[in-house]
Amino acid sequence: MLRTHTNGELRINNVNQEVTLCGWVQKKRDLGAMTFVDLRDRYGITQLVFSESQSELTMNLGREFVIQATGKVAERQSKNTNIPTGDIEIIVTSLVVLNKSKTPPFTIEDNSDGGEELRMQYRYLDLRRNPLRKNLELRHRLSIEVRKYLDSLNFLEIETPYLIKSTPEGARDFVVPSRMNAGQFYALPQSPQTFKQLLMVSGYDRYYQIVRCFRDEDLRADRQPEFTQIDCEMAFVTQEDIIQTFESLMVHLFQTTKGIDFDSFPRMCYADAMLNYGCDKPDIRFGMTFNYITELVKGKGFAIFDDAESVIAINADNCASFTRKQLDELTDFVKRPQVGAKGLIYLRCNEDGTYKSSVDKFYSEEELKKWAKQCNAKAGDLIFVLSGDLAAAQKQMNDLRLHLGNQLGLRNPDIYAPLWVYDFPLLEWNEESGRYHAMHHPFTSPKTEDLHLLETEPGKVRANAYDLVLNGTEIGGGSIRIHDRAVQSRMFDLLGFTKEEAQAQFGFLLNAFEYGAPPHGGIALGFDRLCALFGGQETIRDFIAFPKNNSGRDVMIDAPATIDKKQLDELNIKVTL
Ligand code: ASP
């Protein structure tokens, strides 16, 4: 090897040893009599010392040059307690420049001066920075722990194909033209869903895969067109078995990578999540749950409340002292088109026991007191009220609650609040297509006790489906599947497939169900997001070595790109742009 040690390794007990180190020049300080060079690699930084007589060695050294230095380890005069190698330095005797470097377009430091786009373009340089290195190390550690844990439970990691068939359900597919089958296309998998179910039919009763999935969706912030899932499936299990198995996996991950112990995760049914938080992935790190004051506020001449289906209030502890400006800002927030409220009503529960609201004209102090009581508000609290159609008011109040949570510092990324949400609806109405869509996917089984509603009130049927939520983010979801051909066919009917379409799209699965399909179910956890949350950050991009930007481009390799005429001809593709 070209080195005897790494740059993070040497300590005071190595003093007087002859060593050879390799790495990148982080920094050079020429003090005349001496020149110091900070040498960096993945493992750390070690200080090199050159005497004045060696100035011809260091003269031309620039930032990010790759060098090999040999010398003796010495105790430092002035120690640097900020780095583990800070007690020692290397008195260099020989130096080889292994490669030069142009001046990098941004500084390779923890807080770089480079803008997002520039750093993406020079991702290989950005990856030299500590924050990114730590993220990738965490990702590695998590994947190792996932494999160790699932292996210990007899799960087999089995690869499934990337070139599969396009299906109309779910998001848009990325497609790949087939040269050998003119006019035909493969699709890249949005998930290995049907394959893992087939593996259950094959008898591999515990499957997992840390697997890339592809979805051609309009990129909202923090979505990647290709992303990684911890994908799992089990046979001969109930919903409870799956929840317990993957809860214990998460407990293991928290324990081994964060040193945090959990006994068990709380659970909440979908209906309660919607009722109390207005969303199916509540952030339960803080309270401010919903109070429905609809009945209290009606009939007092305030038309907005009188006309509303629902009036929802939340209580912000100790916020009665919010200024006019703060209240105006919050009103502007809820009026943004993304939130969509018409206005925001507040009620101050003053320290002196009086009440002051923005609708004092319509409500007496006595009535306001009743609001406060229903919201469990105490003196010094501030109540916010939104109204409208139930679903809209819930959504708006959820937005406001999360916004306030951020503002009040109640969403500390170092605090972890996992939560299972269960009993999701099987179907959701899609306005655009004028029909029901599967809320999870078409293979999810309805709850037996709701089966009688399937034809009459399909929207009310609950599914054996569950999500794992962490700090208000969905990190995974799964279901107990249909394993009966007749039920699966009925489901396809309900989703608007003709018999022929169902057979053409999913015939392989329907057929497989006729050869002894065991009861089965599974889950998939979003691995990139899990890494980001464990890293205490919100964006997944910096937990992926080579991510795409917000327009789905890889700006480093400049993809996607056109291909030449010959390639297009071979693929029988005519581009008409
Ligand atoms: N395949 C599903 C998904 O990607 C997860 C599952 O049901 O296991 O969301």
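In what follows, residues are counted from 1 in the order of the sequence shown. One-based numbering, in listed order, for ligands and for the atoms of each.
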Using a 3.5 Å cut-off and no angle test, enumerate the donor-acceptor pairs between side-chain atoms of residues 271-285 and protein atoms at least two apart in sequence or in another chain.
unit_1, atom_1, unit_2, atom_2, d
Asn276, ND2, Asp272, O, 3.3
Asp283, OD1, Arg285, N, 3.0
Asp283, OD1, Arg285, NE, 3.0
Asp283, OD2, Arg285, NE, 3.3
Asp283, OD2, Arg285, NH2, 2.7
Asp283, OD2, Arg411, NE, 2.7
Asp283, OD2, Arg411, NH2, 3.1
Arg285, NH1, Arg411, O, 3.3
Arg285, NH1, Asn412, O, 2.9

### Task
Using a strict cut-off of less than 4.0 Å between a Lys/Arg side-chain nitrogen and an Asp/Glu carboxylate oxygen, indicate whether Glu570 and Arg179 qualify as a salt bridge.
no
### Query
Is the Phe534 ring parallel, tilted or perpendicular to the Tyr416 ring (thresholds 30°, 60°)?
tilted
### Query
Per the salt bridge (charged side-chain N to carboxylate O under 4.0 Å, His left out) rule, which among Lys134, Arg129, Arg123, Arg139 passes with Asp542?
Arg123
### Query
Sequence neighbours excluded, which residues qualify as salt bridge (Lys or Arg N to Asp or Glu O under 4.0 Å) partners of Arg401?
none
### Task
Write out all pairs satisfying ring pair (Phe, Tyr, Trp, His ring centres under 6.0 Å) with one or both partners inside residues 508-530, taking only residues at least two apart or from two chains.
none
Ligand-protein N/O pairs under 3.5 Å (ligand 1):
unit_1, atom_1, unit_2, atom_2, d
ligand 1, 1 (N), Ser191, OG, 3.1
ligand 1, 1 (N), Gln193, OE1, 2.7
ligand 1, 4 (O), Arg215, NH2, 3.1
ligand 1, 4 (O), Gln229, NE2, 3.2
ligand 1, 7 (O), Gln193, OE1, 3.4
ligand 1, 7 (O), His440, NE2, 2.8
ligand 1, 7 (O), His441, NE2, 2.9
ligand 1, 7 (O), Arg481, NH1, 2.8
ligand 1, 7 (O), Arg481, NH2, 3.3
ligand 1, 8 (O), Lys196, NZ, 2.6
ligand 1, 8 (O), Arg481, NH2, 2.8

